[in-house]
Undergrad: 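My questions will all concern the structure given below.
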Amino acid sequence: MSGNEKKLWGGRFKEETDKLIEQYTESVSYDKKLAPFDIAGSIAHVTMLGKQEILKEEEVSKIISGLNDILEEIENGQFEWKEKFEDVHMNIEKRLTEKIGTVGGKLHTGRSRNDQVATDARLFVRYEIENILELLKKTRKAFYTQAKKHMDVVMPGYTHLQIAQPVLYAHHMLAYYQMFKRDAERFKDTLKRVDVMPLGSAAIAGTSYPLDRKFTAELLKFNSVTRNSMDAVSDRDFVAETIFNCALVMTHLSRLSEELILWSTEEFNFINLPDAFCTGSSIMPQKKNPDVSELTRGKTGRVYGDLMAILTILKGLPLTYNRDLQEDKEPLFDAIKTVKLALAVNAKIVEGMEPKKERMKNQAPKGFSLATDIADYLAKKGTPFREAHRIVGEIVAFCLDSEKSLEDLSLEEFKRFSDIFEKDTLNLMSVEGSINSRNITGGTAKEQVLKELEKIENEEKFNIK
Ligand code: ARG
């Protein structure tokens, strides 16, 4: 076999690798995505080797300019990825030697693919978390804008998908704001554990070369360096954490999707989604389907699958590196790609949706949603709450029997159930009154929601025209 075709680890092998085995063991078809990070890592490593006088200056500059040329080839789509060289790391190293000769072989001094791939993955995850944080902010801004724009919209709030109490539509929107804020905090926290450099751990035990790990870390803008080489080459907790964070974002998007799907039905009829985000039916001409939300709900299942995959890959692994770890990449890439798209799409939908104000307002007092207010009225006048609860329960039963709503009842009818009811009872029959009575931090009263909007504006500094 000619030198060019020989594998980097080919020295101890007498036979060529079986073709099917090459297909089975390769990762280059997907880990080529790591190329820019791989090259950045290599440039930092070799710069440090020069500073430590492990390599000569001219060797270092040859290697760096070779790597830069390769990056250009990759970016221009001229680079020829070869399955037989297994992965992104060996494809690049092989090409380097092809371009600059045997000196290219010095790049891997004091390094192993085990600490190399762990470094690449951390650089990649760090970069993508920044992108996800941007998209999460966009999503939060969409909810904030909806809330601010529709402060006058009231709607029924639900528990058990049964009408519970009236709320402000803005309050409902800001509930989602909170979810996506927690998601961002979770990613930022993960970042602390991602931002640690494994280089210098080499294959398992560290290296006998006098590397300056701190210097390499500074070049790559890592916050710190790993403290145990065996852990460093086998740790993929940061991958699991990142996929979990993605899965939880998807959970939130999926809950949102379910609500948007329900709200767009004839039965709810609470919102209008922009035509541009809906699709039609090939047979039923009247249909406008919320497919985008359905797909988000479906894609959530995929990302949960990614999470199960990484957890299962890790669970039986003895220290340290095992080839199983190569299987971390596809779930990681898939989860990140899916969550990014889903956030971008859903931010747009939230931005574009229109609440149907009249319909929501009509539905707000349905299902006896003011019953708690009546019980609270009695309790505030001294009736023990349990007793008040029973009395109002009987009123609701009476209404059901006589096909009336609470608003239809006269004071005399109320008094039949308790003589504590006075004229002001009838004032309770207002959706706005009910909402504004919940004037407590975190409550739905207009005053509280306005306060919350102000707080958000101060924290986020959204740029809203
Ligand atoms: N492609 C490999 C992976 O993704 C790189 C590390 C290979 N190391 C090894 N000892 N075979 O995990």
Side-chain angles (χ1 to χ4, degrees), residues 6-13 16-18 20-42 44-45 67 70 74 79 81-97 105 107-128 194 196-207 220 226 228-240 242-243 306 309-337:
K6 201 149 171 73
K7 292 193 168 33
L8 286 171
W9 42 254
R12 60 106 67 219
F13 286 80
E16 272 191 58
T17 316
D18 184 284
L20 189 59
I21 300 308
E22 273 185 358
Q23 274 175 28
Y24 196 66
T25 52
E26 71 89 23
S27 55
V28 66
S29 56
Y30 49 88
D31 68 12
K32 59 185 178 196
K33 199 196 257 299
L34 296 176
F37 306 99
D38 192 73
I39 290 176
S42 289
H45 176 67
L67 286 168
I70 291 172
I74 293 170
F79 192 91
W81 298 101
K82 293 189 182 148
E83 188 176 83
K84 95 170 142 274
F85 299 140
E86 234 176 81
D87 57 22
V88 59
H89 324 293
M90 293 197 292
N91 266 270
I92 291 174
E93 196 187 317
K94 202 69 193 165
R95 179 79 185 120
L96 183 67
T97 328
L107 165 63
H108 214 48
T109 311
R111 187 176 76 169
S112 150
R113 270 188 301 154
N114 295 352
D115 57 349
Q116 185 180 2
V117 70
T119 304
D120 292 5
R122 284 168 182 271
L123 289 170
F124 168 79
V125 168
R126 190 176 70 181
Y127 170 78
E128 289 292 4
V194 173
V196 189
M197 189 195 73
L199 282 179
S201 304
I204 164 167
T207 175
L220 292 170
T226 53
N228 182 300
S229 62
M230 295 179 75
D231 177 49
V233 295
S234 66
D235 169 31
R236 294 294 182 276
D237 292 358
F238 68 99
V239 175
T242 300
I243 302 180
D306 295 329
I310 186 64
L311 290 174
T312 314
I313 288 163
L314 294 177
K315 77 175 264 295
L317 294 188
L319 289 179
T320 56
Y321 180 85
N322 298 269
R323 192 62 177 272
D324 315 41
L325 291 174
Q326 179 166 293
E327 293 291 322
D328 67 344
K329 286 170 205 65
E330 283 177 296
L332 175 67
F333 295 166
D334 182 66
I336 287 176
K337 178 179 147 207

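We use all heavy atoms of the structure for the numbers below, so side chains are in, but hydrogens, waters and symmetry mates are not. Atoms within a ligand are numbered from 1 in the order they appear, just like the ligands themselves. Nothing fancy with the numbering, it's 1 onward along the sequence.
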Undergrad: Can you sort out which atoms of ligand 1 are near Ser27, meaning under 4.0 Å from one of its heavy atoms?
TA: 1 (N)
Undergrad: Is it true that the NZ or CZ of Lys7 lies under 6.0 Å from the centre of Phe13's six-membered ring and within 45 degrees of the ring axis?
TA: no
Undergrad: Does the side chain of Thr207 pick up a donor-acceptor pair with the side chain of Arg111 at under 3.5 Å?
TA: no
Undergrad: Could you tell me whether Arg122 and Asp235 make a salt bridge, using a distance below 4.0 angstrom between a side-chain N and a carboxylate O?
TA: yes
Undergrad: Under a 3.5 Å threshold, yes or no: a donor from one side chain and an acceptor from the other, between Arg113 and Gln116?
TA: no
Undergrad: Write out the residue and atom name of the closest protein heavy atom to atom 4 (O) of ligand 1, then the distance separating them to 0.1 Å.
TA: Lys329 NZ, 2.5 Å
Undergrad: What is the nearest protein non-hydrogen atom to atom 2 (C) of ligand 1, stated with its residue, atom name and distance?
TA: Gln326 OE1, 3.3 Å
Undergrad: Do NZ/NE/NH1/NH2 and the carboxylate oxygens of Glu128 and Lys337 come within less than 4.0 Å?
TA: no
Undergrad: Would you tell me which option among Thr25, Asn114, Asp31 has the nearest heavy-atom contact to atom 10 (N) of ligand 1?
TA: Asn114
Undergrad: Tell me the protein heavy atom at minimum distance from atom 11 (N) of ligand 1, and give that distance in Å.
TA: Arg113 NH2, 3.4 Å
Undergrad: When you measure from atom 5 (C) of ligand 1 to every protein heavy atom, which one gives the shortest distance, and what is it?
TA: Asp87 OD2, 3.4 Å
Undergrad: Could you tell me if Glu26 and Ser29 have a donor-acceptor pair between their side chains, going purely by distance under 3.5 Å?
TA: yes
Undergrad: Which residue supplies the protein heavy atom nearest to atom 12 (O) of ligand 1, what is that atom called, and how far is it?
TA: Tyr321 OH, 2.3 Å
